[in-house]
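Please read the structure below before turning to the comments.
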Amino acid sequence: MEYFWYIIAALFAGIGTGLAGLSAATVMVPILIVLCPSFAGETGAYQATAIALASDILGSAVTSYTYARHKNIDLKRGWIMMACILTMCTIGSYVAFIVGNVVLGSFTLFLTFFIGIRFLIKPDTSSKNTAGKGEKLDWKGVAISLFFGLPVGFGTGFVGTGGGMIMLVVFTSFLKMELKTAVGTSTFIMTFTALIASVSHILIHPAILLEKWDVMLLSIVIATASGLFSARFANRVKNRTVGLATGAVLTVLGGAMLLLNFWPQISAVPLVVQTLRCLGRLLTYVIPCVLILLPIRFLTKVPSFVFRKLLHIVAFTCFVVMVLSAENWQAAMLTSVIIAVLIYPLLSLLEDQSWYGKLFIQKSKGEVKRSLLMLFFMFAVVIAVAWGMFGKPHIAAAAILMWGMGDAVAALVGIPLGKHKIRFKPIEGRKSWEGSIAMLAVSLLAGACLLCLYHGFSLDSVMLPMLIAALMGTIVEMLSPSEWDTVTVPIVILGFLMIMGT
């Protein structure tokens with residue numbers, strides 16, 4: 001199992017290096033220390049740092065070569081930073097062996113996470129104030145380079161970070177480099193700093209090479225290959241795309257590494273652990289669904305309304321998975337709230353992309369993000385009421401499943417086959433008898449199957465409550481305005497199931 005984590009650590013380390021100039025140590029060290037027992041003990045962190053630095057050498061070299069081919073390295077503005085870092089990294093390496101590397105390492109992880117957020121908010125760093133490539137440093141640039149270069153150099157040896165993340169901040173925010181140039185310049189410097197710091201670590205503690213040579217070789221190969229791939233991608237796309245990809249990678253990696261780094265403190269709070277487990281199980285279900293849906297959407301000619309309902313099916317079935325796998329209602333509710341809070345700003349950042357409109361079929365601008373926001377907050381309310389107040393998680397799962405399956409089938413049947421429109425003033429031909437009957441039948445079947453198969457109810461005891469709840473849900477779905485059925489239908493179904501004493 002440890003080799004799996006070696007591969008994962010090296011893979012994401014290379015992606016971080018090629019895309020954002022992120023040092024391999026920022027990704028690899030927390031994974032190796034927390035998830036790999038062979039790196040436990042007094043020298044485990046030091047050995048993990050040495051392996052990460054060794055992985056950085058070739059990874060940074062091929063990355064900087066790729067950026068150099070596209071003329072995205074500017075040493076005239078970065079030479080002072082380079083000189084400071086090369087001078088100080090050996091000293092930092094020796095001090096790290098004596099005192100450890102916890103404090104500065106934690107700072108680097110926080111920096112990675114917040115810089116990722118920054119690039120998500122503002123992915124394109126190009127501006128009128130961006131310095132031209134090859135433009136010499138003025139006295140302010142020299143002072144800034146010295147001010148940051150000396151501590152970054154020490155930190156490179158001390159923590160093994162390579163300084164890539166801090167250099168990215170300095171080059172883009174203070175020395176006014178364009179993002180690709182900043183990444184290329186920082187990875188060029190990291191090639192030499194990683195070499196010096198890695199050799200220093202091995203000379204100080206030779207057992208690293210003797211005991212962990214296989215891990216080091218595997219990490220170097222994988223980090224180099226993934227770094228080369230991500231660097232080629234970054235140099236072939238627009239700055240905005242690079243910024244968004246950089247922000248996504250840094251935010252996810254920073255958040256994951258912070259979680260690993262502070263796991264002993266986090267694990268002391270049971271509810272946090274339970275919520276993370278619930279979120280992990282939910283993602284384990286959702287990610288494969290997304291990987292199946294993407295080729296369906298972009299490689300087939302499936303009708304838009306069919307794909308839209310496939311998205312709906314994933315959305316509501318994930319709730320059932322979440323409820324059935326959660327350890328308690330608080331964890332399930334918090335998971336729903338976390339997703340609701342994260343998904344709206346994320347989709348707001350992405351909705352201007354050209355592929356967004358094709359992937360998410362919207363009835364109006366912003367409909368998808370509003371619907372998902374309401375959906376997951378509604379999930380939280382259903383969980384709090386049915387499970388938290390009345391201790392009936394099966395009712396929460398049944399209500400959502402009945403609504404979701406019924407709504408999806410209503411569209412899949414009603415749109416192509418709905419020849420007989422319902423002539424009732426509040427509805428005015430928006431719904432068909434075929435679609436509504438299909439919704440009633442499938443809602444009834446879905447609710448009955450869930451309660452009988454997963455919760456041991458007899459079919460006789462659930463048929464009447466399911467029929468009444470399915471009928472009322474179908475009527476409310478007919479009358480509800482567009483988008484609001486996401487809230488109204490499951491709440492009504494839940495209410496009638498509770499009233500009927502299911």
Side-chain angles (χ1 to χ4, degrees), residues 289 292-293 296-298 300-320 357-376 378-379 382 397-450 462-497:
C289 291
I292 293 171
L293 289 177
I296 290 176
R297 182 55 180 163
F298 291 107
T300 69
K301 295 182 179 179
V302 62
S304 295
F305 78 91
V306 173
F307 185 77
R308 180 183 173 91
K309 291 306 171 182
L310 291 176
L311 290 175
H312 287 188
I313 290 173
V314 172
F316 67 75
T317 53
C318 76
F319 172 85
V320 178
K358 185 176 182 181
L359 179 61
F360 298 111
I361 301 94
Q362 302 190 100
K363 296 178 180 178
S364 60
K365 184 175 175 58
E367 183 233 352
V368 168
K369 65 182 182 183
R370 291 193 303 271
S371 295
L372 288 175
L373 182 69
M374 289 191 297
L375 181 70
F376 281 97
M378 182 270 293
F379 285 170
V382 168
I400 299 300
L401 189 64
M402 291 173 68
W403 160 70
M405 290 297 294
D407 179 74
V409 173
L412 295 175
V413 172
I415 292 176
L417 303 176
K419 306 300 183 183
H420 302 86
K421 299 298 181 181
I422 299 174
R423 300 301 175 185
F424 181 58
K425 189 171 183 181
I427 301 172
E428 290 296 338
R430 291 184 294 109
K431 308 291 182 179
S432 68
W433 284 108
E434 291 86 350
S436 296
I437 292 172
M439 178 176 179
L440 173 62
V442 171
S443 295
L444 172 62
L445 180 63
C449 287
L450 179 69
V462 300
M463 282 305 294
L464 181 59
M466 290 296 107
L467 178 60
I468 295 174
L471 178 61
M472 296 308 300
T474 302
I475 294 172
V476 171
E477 195 273 339
M478 292 180 188
L479 300 174
S480 296
S482 180
E483 296 186 31
W484 282 100
D485 61 348
T486 300
V487 176
T488 57
V489 178
I491 296 297
V492 167
I493 293 177
L494 175 67
F496 275 92
L497 290 177

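Note that these values count all heavy atoms, side chains included, but never hydrogens, waters or copies made by symmetry. Since this is a predicted model, take the numbers as computed values, not measurements. Sequence positions, counted from 1, serve as the residue numbers for this chain.
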Next item on the list: Hey, could you give me the CE/CG distance between Met402 and Leu440, rounded to the nearest 0.5 Å?
Entry: 9.0 Å
Checklist line | Close side-chain approach of Phe316 and Met405, heavy atoms under 4.5 Å | finding: yes
Item checked: Nearest atoms (heavy-atom pairs only) where Ala470 meets Ser443 -> CB-CB, 3.8 Å
Notebook entry, point to check: Do Lys309 and Val409 come close enough that some side-chain heavy atom pair is under 4.5 Å?
Noted result: no
Next item on the list: Go through the structure and list residues passing ring-ring contact (aromatic ring centres under 6.0 Å, His included) with Phe307, not counting sequence neighbours.
Entry: none
Notebook entry, point to check: Does a side-chain heavy-atom distance below 4.5 Å link Leu444 with Met463?
Noted result: yes
Check: Got Arg297 and Leu310 here, is their nearest side-chain heavy-atom distance under 4.5 Å?
Finding: no
Item checked: CG-CD1 distance between Leu293 and Ile313, expressed to the nearest 0.5 angstrom -> 9.0 Å
Item checked: Pro490 to Met378 - nearest heavy-atom pair and separation -> CG-CE, 3.5 Å
Next item on the list: Report yes if some heavy atom in the side chain of Leu401 is under 4.5 Å from a heavy atom in the side chain of Phe319; otherwise report no.
Entry: no
Item checked: Shortest non-hydrogen contact between Val320 and Ala397, atoms and distance -> CG2-O, 3.9 Å
Note to self: Within this structure, what is the CZ-SG distance for the pair Phe379 and Cys318, rounded to the nearest 0.5 Å?
What the structure shows: 5.5 Å
Margin query: Using 0.5 Å steps for rounding, measure from the CG atom of Leu494 to the CD1 atom of Ile400.
Written below: 7.5 Å
Margin query: Please give me the minimum heavy-atom distance between Ile493 and Gly473, naming the atom from each residue.
Written below: CG1-CA, 3.8 Å
Check: Roughly how far, to the nearest 0.5 Å, is CZ of Arg308 from NE2 of His312?
Finding: 4.5 Å
Item checked: Check: Val489 and Met439 side chains under 4.5 Å, non-hydrogen atoms -> yes
Note to self: With rounding to the nearest 0.5 angstrom, report the CD to OG1 distance, Glu477 to Thr488.
What the structure shows: 8.0 Å
Check: Taking all atoms of both residues into account, what is the closest heavy-atom pair of Leu375 and Ala315, and its distance?
Finding: CD2-CB, 3.7 Å
